Amino acid sequence: MLSTALNEYLSAWGDYKDLPDLIKKLIVDSYMSKNAIYRTDISKGFINGLNDSILISEDDIIQKVFGSNCSFLGLNKAIVPRVITSVCRPLYITREYENMMYACEDTRVLTALKKQNANFGFYLPPDMIIGRDPGDSSLIRVITNSELNQYYFMGTNRTKLVNETRSVNDIRNQILNQITESNPDGSADKEFLKTLGGNYIIVNNIDGTAQGTSPSKYGYKGVENITIYPELYQEYTDNGKVFTVNGWFYFDNIVSYVGLF
């Protein structure tokens, strides 16, 4: 079942041994439960190690082993983590957003983004846009110990032309302001969509552009104006839409959202 899931969802990464540790942990945690699973949990659902709600059928169980402090249930189908069906999907099934994948994990925005019955708009810049050359170097993951998976994030301050270490709160706010609570419906020439960071982006249905309340700039703390042209990500996501964008949104008065998810 694991090989099937790898072939279907994670083939871009190659073999299991080539997967980032972050995704390996995601796979393991998706099959774990924090508490004992009883028959009522099987019929009503239970919470796995990713805090996802899991519903399986007794017909899916092909093996049962009970120990003194745990239970093992063998299944005949894979458990697909919520992040792979939600607007987080491209972070995991492609290799184009690896920096953003780690940033979303570190800043704990995934809890919000996995929400079911939502209609998020995720305006997602790929690594080739925000990473090192040819990118703008606004979000760079600097690995300090590959064996222990230790790293930090850095960005090139385009105003001062120096590299700066970026804080978790700073990155969290920037990511949350790339995510809208709803999607444009074409009802007006310009639509104002509230972000999870508490600001608004403006979608122009006439020329196909989007921006914050201030024109977007090139890079981190940039000075050179750029125009954002969102392109719809075509693969299915079950709680909103993903748009590939060529930069970050900027705002006149940024609402700083600091919280736990």
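Everything numeric here is computed off the predicted structure, so don't read it as measured data.
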Review point. How close do K217 and S214 get, heavy atom to heavy atom, and via which atoms?
Key: NZ-OG, 3.8 Å
Point to revise | Exercise: identify the closest heavy-atom pair between P125 and Q178 | key: CD-NE2, 4.1 Å
Review point. Residues two or more places apart in sequence or in another chain: which of them pass side chain to side chain contact (heavy atoms under 4.5 Å, CB included) with S187?
Key: D185, E191
Review point. With distance as the sole test, does N119 use its side chain to make a donor-acceptor pair with the main-chain N or O of E181 at under 3.5 Å?
Key: no
Point to revise | I27 with L75, same ILVMFWY side-chain cluster at under 4.5 Å | key: yes
**Study point:** Heavy-atom closest contact (G247 atom, I129 atom, distance)
**Key:** N-CG2, 3.9 Å
Exercise for review: Hey, could you give me the CG/CD distance between N225 and Q211, rounded to the nearest 0.5 Å?
Suggested key: 9.0 Å
Exercise for review: Check the side chains of S33 and N48 for a donor-acceptor pair under 3.5 angstrom, ignoring hydrogens and angles.
Suggested key: no
Review point. Is it true that atom NZ of K24 has more than 12 heavy atoms of other residues, nucleotides or ligands lying nearer than 6.0 Å?
Key: yes
Review point. Does the side chain of N177 pick up a donor-acceptor pair with the side chain of N199 at under 3.5 Å?
Key: yes
Anything under 3.5 Å between a donor and an acceptor, one on a side chain of residues 95-104, the other on a protein residue two or more places apart or in another chain? List them.
| from | atom 1 | to | atom 2 | distance (Å) |
| --- | --- | --- | --- | --- |
| Y97 | OH | T244 | OG1 | 3.1 |
| N99 | ND2 | L139 | O | 2.9 |

Review point. Are any non-hydrogen side-chain atoms of Y9 and I23 less than 4.5 angstrom apart?
Key: no
**Study point:** Check: N149 side chain, S146 main-chain N or O, donor-acceptor pair, under 3.5 Å
**Key:** no
Check your understanding: Any luck finding a side-chain donor-acceptor pair between N205 and D189 under 3.5 Å?
Key -> no
Check your understanding: Say you draw a straight line from CD1 of I140 to OH of Y152; how long is it, rounded to the nearest 0.5 Å?
Key -> 9.5 Å
Practice item. Determine, step by step, whether S216 and T227 satisfy the side-chain contact (heavy atoms from CB on, under 4.5 Å) criterion, reporting the C-alpha distance in whole Å, the side-chain angles of both residues, the deciding distance to 0.1 Å, and the verdict. Key: CA-CA 6 Å; S216 292; T227 303; over 6 Å; no
Review point. Looking only at atom types and distance, does a side-chain atom of N145 sit under 3.5 Å from a main-chain N or O of E147, one as donor and one as acceptor?
Key: yes
Check your understanding: Is a donor on one side and an acceptor on the other found under 3.5 Å between the side chain of K114 and the backbone of L50?
Key -> yes
Check your understanding: Charged N to carboxylate O below 4.0 Å: is that the case for E235 and R89?
Key -> yes
Check your understanding: Distance-only, no hydrogens or angles: does the T144 side chain make a donor-acceptor pair with backbone N or O of Q150 under 3.5 Å?
Key -> yes
Practice item. Answer whether the closest heavy-atom distance between the side chains of F153 and D106 falls below 4.5 Å. Key: yes
Review point. Quick one: do R158 and D136 make a salt bridge, cutoff under 4.0 Å?
Key: no
Check your understanding: So if you build clusters from Ile, Leu, Val, Met, Phe, Trp, Tyr with side-chain heavy-atom gaps below 4.5 Å, do M154 and V168 land together?
Key -> no
Practice item. First locate atom CD1 of I179, then atom CD of Q174, and finally report the distance between them rounded to the nearest 0.5 Å. Key: 11.5 Å
Exercise for review: State yes or no: are the ring centers of Y123 and F249 separated by less than 6.0 Å?
Suggested key: yes
**Study point:** Shared hydrophobic cluster, V80 / V242 (ILVMFWY, side-chain heavy atoms < 4.5 Å)
**Key:** yes
Review point. Between T156 and N163, does a side chain to side chain donor-acceptor pair (under 3.5 Å) hold up when you go through it step by step?
Key: CA-CA 4 Å; T156 299; N163 293 331; 2.7 Å; yes
Practice item. Say whether, by atom type as modelled, one donor and one acceptor occur between the side chain of R166 and the main chain of G155 under 3.5 angstrom. Key: no
Revision key, fill the gap. Minimal heavy-atom distance between P184 and L193, with the atoms involved, is CD-CD1, 3.6 Å
Practice item. Would you check if I54 and I47 make a side-chain contact, meaning some heavy-atom pair closer than 4.5 Å? Key: no
Review point. Do the non-hydrogen side-chain atoms of V203 and I201 ever get within less than 4.5 Å of each other?
Key: yes
Exercise for review: Evaluate the criterion side-chain contact (heavy atoms from CB on, under 4.5 Å) for residue pair L124 and L91; output intermediate values, then yes/no.
Suggested key: CA-CA 9 Å; L124 184 60; L91 301 178; 3.8 Å; yes
Review point. With the 4.5 Å side-chain cut-off for hydrophobic clustering, are V83 and Y16 part of the same group?
Key: yes
Point to revise | Check against side-chain contact (heavy atoms from CB on, under 4.5 Å), T111 and N51 | key: CA-CA 9 Å; T111 302; N51 287 318; over 6 Å; no
Practice item. List the atom of F120, the atom of N183, and the distance in Å for their closest heavy-atom pair. Key: O-ND2, 2.8 Å
Practice item. Please test R141 against I143 for side-chain contact (heavy atoms from CB on, under 4.5 Å), starting from the C-alpha separation and ending with a verdict. Key: CA-CA 6 Å; R141 187 169 62 101; I143 300 173; 3.9 Å; yes
Check your understanding: Does R172 reach the side chain of V109, with side-chain heavy atoms less than 4.5 Å apart?
Key -> yes
Review point. So, W248 and S138: side-chain donor and acceptor under 3.5 Å apart, yes or no?
Key: yes
Review point. Which value, rounded to the nearest 0.5 Å, describes the distance between Y250 atom OH and I228 atom CD1?
Key: 10.0 Å
Point to revise | hydrophobic_cluster_shared for F122 and Y233, side chain cutoff 4.5 Å | key: yes
Exercise for review: Sequence neighbours left out, what pairs pass ring-ring contact (aromatic ring centres under 6.0 Å, His included) with at least one residue falling in residues 190-229?
Suggested key: none
Practice item. Hey, could you give me the CZ/OG1 distance between F251 and T213, rounded to the nearest 0.5 Å? Key: 6.0 Å
Check your understanding: Hey, does the side chain of D15 reach the backbone of D18 with a donor-acceptor pair shorter than 3.5 angstrom?
Key -> no
Check your understanding: Just by modelled atom types, is the G240 backbone N or O under 3.5 Å from a matching donor or acceptor in the T237 side chain?
Key -> yes
Review point. Does some side-chain heavy atom of K221 sit less than 4.5 Å from a side-chain heavy atom of K160?
Key: no
Study note, to complete from the structure: So SG of C88 and CG of L113: to nearest 0.5 Å the spacing works out to 4.5 Å
Review point. Is D238 salt-bridged to R82, cutoff N-O under 4.0 Å?
Key: yes
